[in-house]
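These notes are about the structure you will find just below.
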Amino acid sequence: MYYAWEGDVKQDMDNALLFTNTNSVSSNRIIYTPSAFARSSLIHLQETGTLQATHPHKNERSGLSSCLFFTVLSGDGRLTYDGEIYTLHSGDCVFIDCKKPYSHETGSNAHQEQVDTTIDATIYTTDTAGPTNELWSLQWVHFYGPNMGAIYRKYQERGGKPVFRTSQLNSYHDILDELYNIASSPDYVRDMRIHEKLSSLLILLMEDAWDDMQMQATPDTLDIQEIKDYLDENFKRRISLDDLAGSFYLNKYYLMKLFKERYGMTINAYLNQARVTWVKQQLRFTDKTVETLATELQIEPAYLSRLFKKVEGVSPTSFRKSWRGK
């Protein structure tokens, strides 16, 4: 085993702690190699760190199995992503799926193409331009996981944007600092700790994806909350979309759109979730049969069994046995 030393921190070469100075940037970064278990089962770290641009430059990438989150600590730059161009300033946050082509750049004098072999990207820079106050510094993390594609789509469904500003900026910085410290530590469960921190990052992103103040100002949102309350109280009844829309004086297609935007699922999926949750409670804490439960839900026992198995992966009978034993 070979080791690299930086200060008092010992790193094996699979998790290299790099202090890189190039013609374009000065950075402190960790390029991390997760275990096979973490790669297949957890949200795992690929790279994290901070950088200070020293010359105008541009990074272009595409087709990466990675998600990128970064914050602009100071200075200005530009992101090109998914057909849009975003001007970035200090305090801006970026969250993107790197399978799509993207580029980010800082400085306004870039015109000479040069390949920098210390990072896996083409950098467009100048040899003569010196540092300016406009050049940015960034704090970033590349990460991925077996379900990140679905998680990013959920972020978008909730209204999440590639570029946003937040009132929780210090919380993001704290998480990135902690990720760096964990990844550079000899902790033998660090992949699990990294998974925990990346999950915390995703929770913050999902919170910021939802513009609660805007929704509170929309009258239709009040209707949607009332509809959810109605479903919570009446999920045992047969509820048709036409009757529901008529009761709340909304077009049914508009109702479907508003509900999914607000709660991230269709009305039917929400009802089925509520029904399965109730059935689980009954199976664990009462002796009611599946037939009785289906009657109370006003559905056929066979349909209830299929629905339950689709959601839980086991039949109602197997669920009851596994939780209550013999």
Side-chain angles (χ1 to χ4, degrees), residues 67 69 79 81-86 92-97 99-100 102 147-168 201-281 293-300 302-312:
C67 284
F69 172 79
L79 170 75
Y81 178 73
D82 204 18
E84 300 288 339
I85 298 175
Y86 304 88
D92 282 339
C93 297
V94 171
F95 182 41
I96 59 175
D97 179 354
K99 285 186 178 295
K100 295 183 178 180
Y102 73 95
N147 296 311
M148 275 309 304
I151 292 172
Y152 193 81
R153 288 192 296 273
K154 177 61 67 175
Y155 171 78
Q156 292 178 305
E157 288 173 7
R158 290 175 59 85
K161 305 298 182 184
V163 177
F164 64 94
R165 296 186 73 85
T166 178
S167 62
Q168 306 183 88
L201 173 63
L202 288 170
I203 289 171
L204 279 179
L205 286 165
M206 290 297 184
E207 289 176 350
D208 275 323
W210 186 248
D211 190 345
D212 193 51
M213 293 301 295
Q214 178 181 343
M215 294 307 297
Q216 287 178 5
T218 305
D220 288 333
T221 305
L222 301 178
D223 291 338
I224 294 302
Q225 181 61 52
E226 291 175 5
I227 290 169
K228 177 183 174 297
D229 293 341
Y230 176 85
L231 296 176
D232 289 339
E233 294 175 4
N234 296 279
F235 65 86
K236 294 182 184 179
R237 296 177 50 201
R238 289 183 177 271
I239 300 175
S240 74
L241 184 61
D242 288 328
D243 290 343
L244 189 64
S247 297
F248 288 90
Y249 306 103
L250 290 172
N251 176 277
K252 69 176 181 180
Y253 299 107
Y254 186 51
L255 167 59
M256 293 165 61
K257 176 177 179 291
L258 287 177
F259 193 92
K260 188 168 185 180
E261 286 178 351
R262 180 66 175 87
Y263 298 108
M265 64 181 72
T266 64
I267 292 172
N268 189 55
Y270 185 83
L271 277 171
N272 286 338
Q273 184 183 75
R275 288 163 178 160
V276 168
T277 299
W278 178 79
V279 170
K280 287 163 63 177
Q281 293 171 340
L293 298 177
T295 299
E296 291 189 42
L297 289 173
Q298 302 182 36
I299 58 179
E300 294 297 322
Y303 176 79
L304 174 58
S305 294
R306 289 196 302 271
L307 172 63
F308 192 93
K309 188 168 185 178
K310 180 179 179 182
V311 174
E312 290 296 313

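Sequence positions, counted from 1, serve as the residue numbers for this chain. A quick note: this is a predicted structure, and the numbers were derived from the prediction, not measured.
- Distance check: Leu307 CG to Ile299 CD1 gives 6.5 Å after rounding to the nearest 0.5 Å.
- Panel note: side chain Tyr155, backbone Lys161; a donor-acceptor pair is recorded below 3.5 Å.
- No side-chain heavy atom of Asn147 sits less than 4.5 Å from a side-chain heavy atom of Lys154.
- Looking only at distances, no side-chain donor or acceptor of Asn234 sits under 3.5 Å from a matching main-chain atom of Arg237.
- By the 4.5 Å heavy-atom criterion applied to side chains, Val279 and Leu297 are counted as neighbours.
- The heavy-atom pair separating Ile239 from Tyr230 by the smallest distance is CD1-CE2, 4.2 Å.
- Nearest heavy atom pair, residue Cys67 against residue Met148, reads SG-CE, 3.6 Å.
- Summarising the geometry, atom CG belonging to Leu304 is positioned 10.0 Å from atom CZ belonging to Arg275; distances are rounded to the nearest 0.5 Å.
- For the atom pair CZ (Phe95) and CG (Leu201), the distance works out to 7.0 Å, reported to the nearest 0.5 Å.
- Side-chain atoms of Ile267 and Leu255, non-hydrogen and from C-beta on, do get closer than 4.5 Å to each other.
- Contact check for Tyr81 versus Val94: no side-chain heavy atoms found under the 4.5 Å cut-off.
- In this structure, Asp208 CG and Arg158 CZ are separated by 10.5 Å, a value rounded to the nearest 0.5 Å.
- Evaluation of the side-chain hydrogen bond (donor to acceptor under 3.5 Å, both in side chains) rule for Glu296 yields Lys288 as partners, not counting sequence neighbours.
- Judged by distance alone, the side chain of Tyr86 and the main-chain N or O of Phe164 form no donor-acceptor pair under 3.5 Å.
- In this structure, the side chains of Leu244 and Leu231 come closer than 4.5 Å at one or more pairs of heavy atoms.
- Relative orientation of the Tyr263 and Tyr270 rings is tilted, given thresholds of 30° and 60° on the angle between their planes.
- Looking at Asn272 and Val311, their side chains never come closer than 4.5 Å, going by heavy atoms from C-beta outward.
- In this structure, CD1 in Ile224 is found 14.0 Å from NZ in Lys260, a value given to the nearest 0.5 Å.
- More than 12 non-hydrogen atoms from other residues, nucleotides or ligands lie less than 6.0 angstrom from CD of Gln168.
- Between Met206 and Ile151 the shortest side-chain heavy-atom distance falls below 4.5 Å.
- Under the side-chain hydrogen bond (donor to acceptor under 3.5 Å, both in side chains) criterion, Gln156 pairs with no residue, sequence neighbours left out.
- Atoms NZ and CE, from Lys252 and Met256 in turn, are 8.0 Å apart once rounded to the nearest 0.5 Å.
- At least one side-chain heavy atom of Leu250 sits under 4.5 Å from a side-chain heavy atom of Ile227.
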